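None of these values were measured; they are calculated from a predicted model.
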Amino acid sequence: MNLLTIVAIYVVVWWICIFVVLPIGVRTQDEEEDTILGTVGSAPARPMLGRKAIAATVLAAVVVALLWLAVDQFDITLRGASRIFE
């Protein structure tokens with residue numbers, strides 16, 4: 001895999017990871033009993049977006065590294081992996 005392919009895969013995997021990480025640990029304003037005027041009660045009280053972005057970055061890096069390891073180092077391809085399920 002060349003660098004551009006790895007970067008493109010990383011971007012896609014990062015977006016998937018951020019959507020996986022976003023709901024973790026969220027408490028709504030209703031649950032905290034501290035609704036800010038002009039917002040709905042179901043809005044997050046403390047979304048912790050910085051921590052979640054860092055978690056998504058690390059998780060995506062691990063996933064892409066494992067993918068790169070499987071493809072470049074162990075020469076695992078989709079065609080070869082499909083033989084497992086025959």
Side-chain angles (χ1 to χ4, degrees):
M1 279 194 281
N2 63 25
L3 183 62
L4 186 60
T5 304
I6 294 171
V7 170
I9 291 171
Y10 179 82
V11 169
V12 172
V13 170
W14 188 89
W15 277 103
I16 293 170
C17 289
I18 195 72
F19 285 120
V20 167
V21 172
L22 274 177
I24 296 174
V26 173
R27 293 187 48 87
T28 64
Q29 292 179 17
D30 283 340
E31 291 173 335
E32 295 285 325
E33 297 177 356
D34 185 27
T35 303
I36 298 171
L37 186 63
T39 62
V40 294
S42 60
R46 290 183 312 271
M48 299 178 290
L49 294 178
R51 288 183 184 176
K52 292 179 181 184
I54 291 170
T57 301
V58 170
L59 183 60
V62 169
V63 169
V64 171
L66 291 174
L67 180 64
W68 173 81
L69 189 66
V71 171
D72 273 4
Q73 302 302 313
F74 294 111
D75 200 30
I76 297 174
T77 61
L78 287 177
R79 187 173 307 237
S82 67
R83 290 187 207 133
I84 295 170
F85 299 107
E86 289 180 346

Do the side chains of [Y] and [X] get nearer than 4.5 Å, heavy atoms only?
{"X": "V40", "Y": "T28", "value": "no"}
{"X": "E32", "Y": "Q29", "value": "no"}
{"X": "L67", "Y": "V63", "value": "no"}

Check: [X] side chain, [Y] main-chain N or O, donor-acceptor pair, under 3.5 Å:
{"X": "Q73", "Y": "W68", "value": "no"}
{"X": "Y10", "Y": "T57", "value": "yes"}
{"X": "K52", "Y": "F19", "value": "no"}

Smallest separation among heavy atoms of V21 and A55, with atom names: CG1-CB, 4.2 Å
Nearest atoms (heavy-atom pairs only) where V26 meets P44: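 Looking at all heavy atoms of both residues, the shortest contact is CG1-CB, 3.9 Å.
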Worked check of side-chain contact (heavy atoms from CB on, under 4.5 Å) between I9 and V12: CA-CA 5 Å; I9 291 171; V12 172; 5.9 Å; no
From CA spacing to verdict: side-chain contact (heavy atoms from CB on, under 4.5 Å), W14, V11: CA-CA 5 Å; W14 188 89; V11 169; 5.7 Å; no
In one Ile/Leu/Val/Met/Phe/Trp/Tyr side-chain cluster, 4.5 Å: V58, V64: no
Pairwise distance CZ(R51) to CD1(I24) - rounded to 0.5 angstrom: 13.0 Å
Spatial distance of atom CG (L4) from atom CD1 (I6) [nearest 0.5 Å]: 10.0 Å
Partner residues of E31 under the side-chain hydrogen bond (donor to acceptor under 3.5 Å, both in side chains) criterion, sequence neighbours left out: none
Check against side-chain contact (heavy atoms from CB on, under 4.5 Å), L49 and L22: CA-CA 8 Å; L49 294 178; L22 274 177; 3.9 Å; yes
